[in-house]
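Notes follow once the structure below has been shown.
When a residue number appears, it is its place in the shown sequence, counting from 1. The figures here come from the full heavy-atom set of this structure, side chains too, leaving out hydrogens, waters and symmetry mates.
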Amino acid sequence: MNNAVNDGGGAGVWSATGFRPGTKAGAGAGPGTGSPSGTPGGADGDTRDGEIWSGCWVAERLGVELVGDEGLGELLGLALRRNPKRAHLLVSHVLGKHIPQSPAVVYGYGFALGLRVRDLLGEDEARRAVVLGYAETATGLGHSVADGVGLAPCLHSTRRPVDGVARAGGFEESHSHATSHLLLPENPGLLAGDGPLVLVDDEFSTGNTVLNTIRDLHERYPRDRYVIVALVDMRSAADLGRLDDFAREIGARVDLVTAASGTVRLPEGVLEKGQALVARYESEAEAPEAPVRPVLRVELGWPAGIPDGGRHGFTPEHRVRLEGALPAMAARIADALPSDARRVLVLGFEELMYAPLRLGVALEKLTDAEVRYSTTTRSPVLAVDDPGYAIRTRLVFPAHDNPADGPGDRYAYNVAGAGFDAVVAVVDSTADTPELHAPDGLLARLSAHTPSVLLAVVPSYAPARPSTVSPSVSSTERPFMLPEPLRGPEFSSYAPDEVGWLLQDLSDTKLEAPTEEREEAIQSGGAHYAESLPVEYQPSDAYQELFHNALAVSATRIAQAVGVVTETVLAERSPRPVLVSLARAGTPVGVLMRRWAQHRHGLDLPHYAVSIVRGRGIDANALRWLAAHHDPADIVFVDGWTGKGAITRELAQAVEEFEASDGITGFDPEIAVLADPGSCVRTYGTREDFLIPSACLNSTVSGLISRTVLRADLVGEHDYHGAKFYRELAAADVSVAFLDAVSDRFDAVDEAVDNQVKELLSTDRSPTWEGWAAVERISEEYGIHDVNLVKPGVGEATRVLLRRVPWKILARAGAGADLDHVRLLAEQRGVPVEEVAELPYTCVGLIHPKYTRGATGADGKAVSV
């Protein structure tokens, strides 16, 4: 790692007694100056020699010291948070968030840091870079850094979900009061390149947020180089080595560019003392109110097609167009200001920092007035009217952009009492709501403290459909925000890294119905099978013994099939496939394939489970999430086995329809299965119809997850299909035991797998669909006349006995132990088992073709316990 900080400048301690020179900033801290090369005007003189440092009040009462570069105190003051996680707040004089500052100074700091990044990378690498700023404080800073780099697009994280934009990533900021960050680029490929990623934050303290971001993105979009940019490097001595260790861990170069460096010395008990101070002074924090004055709206003439910021990406071309339009927009603001206004504040709005900053810079050039810039914020901070405290006054008003996390207070600091003759409030159109104009809203709060309030509204950028979408496709509205996959132990008994479920949790919903009622509704056309769930089968002692005996006998056979299908996928489909199981029968197989790839090749393959429903297709929202996070060409759909091939055909049709509706291409609908007795696919572990023990049970061998549910009153347009997590069945769960029993046999089958794969790869494996032909023949011979009621294969016949109203079981003559569990279930249900010569499957389950409540097997008992 290269620690790229400024050279020169002394060091010292900023404390309650003032500045003491000559003290280093902690072990390993590099030297720096308070203002980076090329920054105009320094820190606007807010902390000059002989003046009170704006951290003295906190330092005196809490014993906090700022240790570092001589210019550090000019950049930072101190305040107290209303936050149970961290007592103090480093308040930047040059960020333009809490303290009004010259817009040229704020922009100059970011731009100068960007120039240094460009020098560090070189022009070629700078052209391939992407700049990522953090919401909310570093959105404007990140954008300014990108302007200094000059050749790179920028993006900033956001806490605002946006309709029509799929999530490309996210991360947590542990010390923040509002932690969830979203990455919502309009172009899904913005983060997928291999050029340098430049991450920008206002301060680099523990490094946790930045490292979490890099770790998350590096897993999805690995690259060789990262640059971290911050106004100040405030790591403790204990944290100084973490960045080097992390760079070695991921095998990438990580550089650090900062304006100044130091650290904060915190005495014991500082959090408790800080909270006590906040409680003591809180009642005195509000700024006094004054009469409300009218607000004047200014029409900016914002250029069409230019984003309001970097929430969805902002390119160098956008910047060129914006800079051409800024003088005219600033002139409109200047014309609307009172002629006698001598001190003007341009006030941005939370994440909307860059647009008002650039308007402020342009206005500063046009007028003789003293222009300052700051923004509103979500951060609750104590205000104390003392010259040694960084936050002198606080305005409180309700959120006015319908935030996803619900209503709450928002704040504007150091505005009241600052002597502004006019305030220009700049918001985006999403935030131009009745709450903004309400009697207790931001505009009213501002007008009580300044003679003139102007409102300038920047149109919220509406992203176009992703670039993978064909222009001919109709602009159907997309889900506003697709959630991340559910994972164990909160959802399923599988380990969190084994599988992510692209489902919604319906565990608290009553979905089970008696078997006979479900069958009558399904066959009468009154309901679809996916609209309810069967009562979960609880195996008897005898049946459990059959399961464990079958697993002991077949584990090696299954391990070999797992190895064969995985090696075939790696050889023919993708060297780093993304496994997507069809829930739920495919899920144990997907987990085993993932384990094989780790065992044999050291690969850590992503694995998800999605829902597909016969007659309704695959979950389109799950496909959208997958397309936003992975290359569709790497997706390999996985299932347990084929019967007659209905799901194979369903998936092919569903993918075709999805491509037509969304314009996203690249998904290969061919399923990889453990067993293909129906000869429906090319990628399989075996074509023998044998007992796969995971077919013997329901949720207790599938991570305690139910079959998937698709019902209009539960699954909306923007929802994943649903499923239940049967936590109450944990005592009977054998899901992990099944996986472990099979994967324990991997070493024993290595050679057999190699031989079989070699043979298969040179064999014509084209599907013959002989299983489908056999089902059609059986349907006619037995007078059923509906192929959906014929369930071929050991797995499907088992499902009939566990979930439906069975009529009879056809067993191949001479079938042995593979059918022991089927015979036991049939006996419990009172279902006859007929031996049939030359049956192409080991067995076939027949659902009663003309169900009435008096039909065979419909005695009101699901299965004997």
Side-chain angles (χ1 to χ4, degrees), residues 513-524 529 534-547 549-550 641 643-644 646 677-678 688-693 695-698 771-865:
T515 304
E516 68 278 7
E517 290 183 11
R518 293 185 73 248
E519 195 64 46
E520 187 171 39
I522 292 168
Q523 290 202 32
S524 68
Y529 77 88
V535 177
E536 274 287 308
Y537 167 59
Q538 293 299 290
S540 65
D541 290 343
Y543 192 84
Q544 289 186 59
E545 185 177 356
L546 275 177
F547 167 81
N549 290 341
W641 55 83
K644 55 182 173 287
E688 296 178 13
D689 183 20
F690 73 102
L691 171 60
I692 301 172
C696 292
L697 299 170
N698 284 324
W772 189 278
V775 166
E776 289 181 325
R777 184 177 69 252
I778 292 169
S779 175
E780 295 307 311
E781 287 180 1
Y782 284 82
I784 296 174
H785 309 301
D786 183 352
V787 293
N788 289 325
L789 300 182
V790 180
K791 302 296 184 181
V794 177
E796 292 302 304
T798 304
R799 287 178 166 187
V800 170
L801 290 164
L802 292 177
R803 304 181 190 172
R804 305 294 291 271
V805 175
W807 183 34
K808 58 182 66 179
I809 300 295
L810 309 181
R812 181 192 294 159
D818 276 347
L819 294 187
D820 284 350
H821 76 292
V822 170
R823 296 186 184 97
L824 178 59
L825 285 176
E827 180 182 350
Q828 292 174 341
R829 296 296 301 270
V831 177
V833 178
E834 295 183 8
E835 288 202 351
V836 179
E838 298 181 3
L839 191 68
Y841 295 90
T842 303
C843 71
V844 175
L846 304 181
I847 297 172
H848 201 287
K850 296 180 181 178
Y851 175 75
T852 65
R853 297 208 177 199
T856 302
D859 56 1
K861 299 177 182 177
V863 176
S864 300
V865 178

Can you give the donor-acceptor pairs under 3.5 Å from side chains of residues 808-815 to other protein atoms, not counting sequence neighbours?
| residue | atom | partner | partner atom | Å |
| --- | --- | --- | --- | --- |
| K808 | NZ | E834 | OE2 | 3.1 |
| R812 | NE | L839 | O | 3.1 |
| R812 | NE | Y841 | O | 3.4 |
| R812 | NH2 | P840 | O | 3.3 |

- [ ] Enter the distance from L824:CG to Q828:CD here, rounded to the nearest 0.5 Å.
- [x]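 These two atoms lie 4.5 Å from each other.
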TODO: Please name the pair of heavy atoms, one in V800 and one in K791, separated by the smallest distance, quoted to 0.1 Å.
DONE: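 Smallest interatomic distance, heavy atoms only, reads CG2-CG, 3.3 Å.
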Open item on the list: Which heavy atom of V822 sits nearest to which heavy atom of L801, and what is that distance?
Closed with: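 Heavy-atom minimum between the residues: O-CD1, 3.7 Å.
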Quick one: side chain to side chain donor-acceptor pair (under 3.5 Å) partners of [X], sequence neighbours excluded?
| X | answer |
| --- | --- |
| E827 | none |
| Q544 | none |
| E545 | none |
| E835 | none |

- [ ] Kindly indicate whether the side chain of Y782, heavy atoms from C-beta on, has any atom under 4.5 Å from the side chain of L846.
- [x]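 Yes. Closest side-chain heavy atoms under 4.5 Å.
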Task: Counterpart residues, salt bridge (Lys or Arg N to Asp or Glu O under 4.0 Å), relative to E780 (two or more places apart) - done: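 Scan of E780 (salt bridge (Lys or Arg N to Asp or Glu O under 4.0 Å), adjacent residues dropped) gives none.
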